[in-house]
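Because the structure is a prediction, the values reported are computed rather than measured. Here, residue 1 is the first one in the sequence, and each next residue gets the next number.
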Amino acid sequence: MLDSMAVTLKQQKLISHPLRSNIIRLLSTTPMTAKQVADHYNKTTGSIHYHIQQLFINELLEIDHTNSINGIVEKYYRAKATHFHLENEPPTNALIQKVHAVPLTSDDLRRLNDEVSELILKYTNKKADPDQGDQIEHKITFSVEPKIT
């Protein structure tokens, strides 16, 4: 499995879906069948199978191995990578460049907001070296979106 993988815009849209992002995260640690993933997330097998097929067809998942039990073939899927970046954009080690859909409770979001605010304040107050003015190449943007049900 790769740590970081270049993806197309279509693949990016697929992994931006919160459930698909969670499936990728789960399958990056342990190969599982669609049924096992469905049981893990307490979802129907049909729904999970659909999402897994979309990820597999679009080359974000691969088959790790298969088992044959009484003539039934079980496919164990695994994620091809743990992090993704758009093709034609060089990968970096910057975690914030990578796509993350992180489900949070209201309390978790409050704590995260406090921690991020402290971190941003640290960098906002940092005095820029005048000799490095031309080297500033990055800007970060954070967004919080309500869960869509």
**Q** Tell me if a side-chain donor or acceptor on T30 pairs with a main-chain N or O of L27 at a distance below 3.5 Å.
**A** no
**Q** So does I57 have more than 12 non-hydrogen atoms from other groups sitting under 6.0 Å from CD1?
**A** yes
**Q** Between D114 and R111, does at least one N-O distance fall below 4.0 Å, as a salt bridge requires?
**A** no
**Q** Would a distance-only check, ignoring hydrogens and angles, find a side-chain to backbone donor-acceptor pair under 3.5 Å from S21 to P18?
**A** no
**Q** Indicate the atoms forming the closest heavy-atom contact of L14 with Q54, along with that distance.
**A** CD1-O, 4.0 Å
**Q** For S117, what residues pass the side-chain contact (heavy atoms from CB on, under 4.5 Å) criterion, not counting sequence neighbours?
**A** N113
**Q** Determine, using the 4.5 Å side-chain heavy-atom cutoff (strictly less than), whether V37 and F56 are members of one ILVMFWY cluster.
**A** yes
**Q** Might you point out which heavy atoms bring E59 and M5 nearest each other, and give the distance in Å?
**A** O-CE, 3.2 Å
**Q** Nearest 0.5 Å, what's the CD1-CD1 distance between I23 and I48?
**A** 4.0 Å
**Q** Do F84 and L26 share a hydrophobic cluster, counting only Ile, Leu, Val, Met, Phe, Trp and Tyr and linking them when any side-chain heavy atoms are less than 4.5 Å apart?
**A** yes
**Q** So which pairs with a foot in residues 37-47 pass side chain to side chain donor-acceptor pair (under 3.5 Å), sequence neighbours left out?
**A** K35-D39
**Q** Within the supplied structure, the quantity of interest is the number of heavy atoms (other residues, nucleotides, ligands) at a distance under 6.0 Å from Q53 CD; does it exceed 12?
**A** yes
**Q** Closest heavy-atom contact between P31 and H65?
**A** CB-CE1, 4.4 Å
**Q** To the nearest 0.5 Å, tell me how far H51 NE2 sits from L19 CG.
**A** 5.0 Å
**Q** For N58 and Q11, work out which heavy atoms get closest and say how close.
**A** O-NE2, 2.6 Å
**Q** To the nearest 0.5 angstrom, please state how far the NE2 atom of H85 sits from the CD atom of Q12.
**A** 11.0 Å
**Q** Heavy atoms only: give me the nearest R20-Y50 pair and the separation to one decimal.
**A** NH2-CE2, 3.5 Å
**Q** Would you name the heavy atoms of A79 and I24 that are closest together and state the gap between them?
**A** CB-O, 3.6 Å
**Q** Taking only residues two or more places apart in sequence or in another chain, which ones pass side-chain contact (heavy atoms from CB on, under 4.5 Å) with K75?
**A** I63, T66, Y77
**Q** Working to the nearest 0.5 Å, report the span between OG of S28 and NZ of K80.
**A** 15.0 Å
**Q** Nearest 0.5 Å please: distance from the CD1 atom of I69 over to the CD1 atom of I72.
**A** 8.0 Å
